[in-house]
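Report on the structure given below.
Note that the coordinates shown come from a computational prediction; the quantities given were computed from them, not determined experimentally.
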Amino acid sequence: MKKIILAALMAAAVLALAGCKKTDKKAGGDAVAALKARGTFVLGLDDSFPPLGFRSEDNEIVGYDIDLAKEVAKRLGVDFRAQPIDWDAKEMELETGKIDCVWNGFTITEERKNALSFTEAYLNNDQVLVVRADSGINSLADAAGKIIGLQSGSSAQEAVDDNAKFSSSIAKTVMFKDNITALNDLDIGGVDGVVMDSVVANYSIAQTKKPFKVINESLANEGYGIGFRKNEPELRDAVWAILKEMQKDGTVTAISQKWFGRDISTIK
């Protein structure tokens with residue numbers, strides 16, 4: 001009798017485990033339906049990253065990525081909310097379900113692709129060095145012995161670390177919470193240069209008119225993608241399909257013209 005009871009219990013356990021696996025798989029597969037049921041598409045971002053996502057003078061979160069995402073949410077039939085996050089903890093914010101995606105100049109890397117479900121690149125970018133115009137620094141080599149700032153947790157840090165010649169030549173690196181703070185420190189002479197995204201650097205210099213210049217050498221070439229939870233490729237694919245529709249019907253071009261003066265999208 002004990003053997004029969006034990007066998008029955010083992011069979012029940014196997015069925016229960018099978019049911020759990022099926023449910024887990026279904027949870028990822030129903031990501032689009034779950035989003036529509038919740039009714040709000042929540043985008044996680046660093047809200048100090050112009051022109052992709054930043055605070056306007058009215059303290060409203062605006063930008064290129066924001067305009068794209070709002071239209072995607074509209075076509076999905078849900079509301080939209082931009083949620084500022086700690087950029088160092090972006091993957092954790094996503095995995096705990098506080099946001100639906102990370103969409104804010106989020107560089108695609110092999111390490112991130114292993115942890116998240118990424119779209120294809122929708123914009124290209126370079127990691128560049130920004131210096132004061134009167135600094136006498138005209139090349140990466142001229143930065144030898146200088147203090148360089150960069151955003152903590154950003155791909156700028158990876159670009160510096162991966163360029164052995166550059167990283168070994170500089171005196172030290174200083175970490176900042178965001179690029180705007182780093183540029184402010186550059187302005188007062190706290191650092192000699194800032195490694196950051198060319199998209200952000202060129203926009204910020206044009207808008208603020210501060211006496212900065214971008215060194216015409218790239219530390220790294222990269223693409224921006226949208227990161228989703230690993231088990232939710234269906235939501236990633238749904239968003240990407242809408243972006244492709246928006247590129248085809250001219251919506252992406254119009255948004256790009258608004259923020260960059262030309263269409264720089266890589267969506268095909």
Side-chain angles (χ1 to χ4, degrees), residues 16-56 58-109 112-123 153 178 224-249 251-252 254-255 259 265 267:
L17 286 171
C20 288
K21 290 180 179 179
K22 185 177 181 181
T23 300
D24 289 343
K25 183 177 180 182
K26 186 177 180 182
D30 286 349
V32 178
L35 172 65
K36 291 183 177 182
R38 291 195 304 273
T40 304
F41 182 49
V42 184
L43 176 152
L45 80 158
D46 161 16
D47 61 354
S48 300
F49 204 75
L52 303 182
F54 63 105
R55 297 277 182 177
S56 68
D58 299 326
N59 204 37
E60 180 185 0
I61 298 177
V62 298
Y64 177 73
D65 286 351
I66 302 303
D67 284 353
L68 289 179
K70 281 182 176 179
E71 182 62 23
V72 167
K74 180 181 176 181
R75 297 190 187 197
L76 279 170
V78 296
D79 294 331
F80 171 78
R81 185 170 86 245
Q83 178 62 54
I85 58 174
D86 179 352
W87 198 247
D88 268 337
K90 52 190 172 295
E91 288 86 357
M92 184 174 65
E93 296 274 4
L94 184 61
E95 289 305 315
T96 55
K98 293 181 179 179
I99 57 177
D100 294 308
C101 69
V102 178
W103 186 347
N104 184 223
F106 193 22
T107 300
I108 302 169
T109 67
R112 288 172 176 172
K113 283 169 67 176
N114 288 333
L116 305 176
S117 185
F118 261 102
T119 64
E120 296 176 39
Y122 65 93
L123 278 184
D178 55 57
Y224 290 152
I226 310 165
F228 296 82
R229 282 178 281 276
K230 193 69 173 179
N231 70 330
E232 295 185 350
E234 293 82 4
L235 182 55
R236 173 202 64 193
D237 293 345
V239 169
W240 187 248
I242 291 174
L243 283 171
K244 290 175 72 173
E245 291 175 3
M246 289 166 56
Q247 181 71 58
K248 188 175 181 180
D249 65 26
T251 303
V252 171
I255 294 173
W259 291 104
S265 167
I267 302 170

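Note: F106 CZ to T109 OG1 = 7.5 Å, rounded to the nearest 0.5 Å. Going from atom CG of D30 over to atom CG of L35 covers 12.0 Å, rounded to the nearest 0.5 Å. Rounding to the nearest 0.5 angstrom, the gap separating the CD1 atom in I226 from the CG atom in D65 is 7.5 Å. The structure places CD of E91 at 11.5 Å from OG1 of T96, a figure rounded to the nearest 0.5 Å. To the nearest 0.5 Å, the span separating CD on E245 from CG on L243 amounts to 9.5 Å. Distance CE/M92 to CD1/I99: 10.5 Å, rounded to 0.5 Å.
By the 6.0 Å contact criterion, NZ on K36 is open, its count of non-hydrogen atoms from other residues, nucleotides or ligands being 12 or less.
Considering all non-hydrogen atoms of both residues, G153 and D88 come closest at CA-OD1, 3.2 Å. When all heavy atoms of G44 and I85 are compared, the pair lying nearest together is C-CD1, 4.1 Å. Across V42 and K98, no two heavy atoms sit closer than the pair CG1-O, 3.7 Å. Contact detail for G105 and F49: the closest heavy-atom pair is CA-CE2, 3.8 Å. Annotation for M246 and L68: closest pair CE-O, 3.8 Å, computed over non-hydrogen atoms.
Between the side chain of S48 and the backbone N or O of D178 there is no donor-acceptor pair closer than 3.5 Å. No donor-acceptor distance shorter than 3.5 angstrom exists from the side chain of D100 to the backbone of L43, with no hydrogens or angles considered. Between the side chain of D58 and the backbone N or O of E60 there is no donor-acceptor pair closer than 3.5 Å. Under a 3.5 Å cut-off, the side chain of K230 and the backbone N or O of K113 do form a donor-acceptor pair. Judged by distance alone, the side chain of K70 and the main-chain N or O of R81 form no donor-acceptor pair under 3.5 Å.
Ring geometry for F41 against F80 counts as tilted: the plane angle lies between 30° and 60°, on a 0 to 90° scale. Ring orientation note: the planes of W103 and Y122 are nearly perpendicular, at an angle over 60° on the 30°/60° scale.
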From CA spacing to verdict: side chain to side chain contact (heavy atoms under 4.5 Å, CB included), I66, F54: CA-CA 9 Å; I66 302 303; F54 63 105; over 6 Å; no
Step-by-step side-chain hydrogen bond (donor to acceptor under 3.5 Å, both in side chains) determination, W87 to N104: CA-CA 10 Å; W87 198 247; N104 184 223; over 6 Å; no
Verdict with reasoning, S265 to Q247, per side-chain hydrogen bond (donor to acceptor under 3.5 Å, both in side chains): CA-CA 8 Å; S265 167; Q247 181 71 58; 2.7 Å; yes
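Between the side chains of E232 and S117, no donor N or O sits under 3.5 Å from an acceptor N or O.
Scored by the salt bridge (Lys or Arg N to Asp or Glu O under 4.0 Å) test, R112 finds no partners at all (sequence neighbours excluded).
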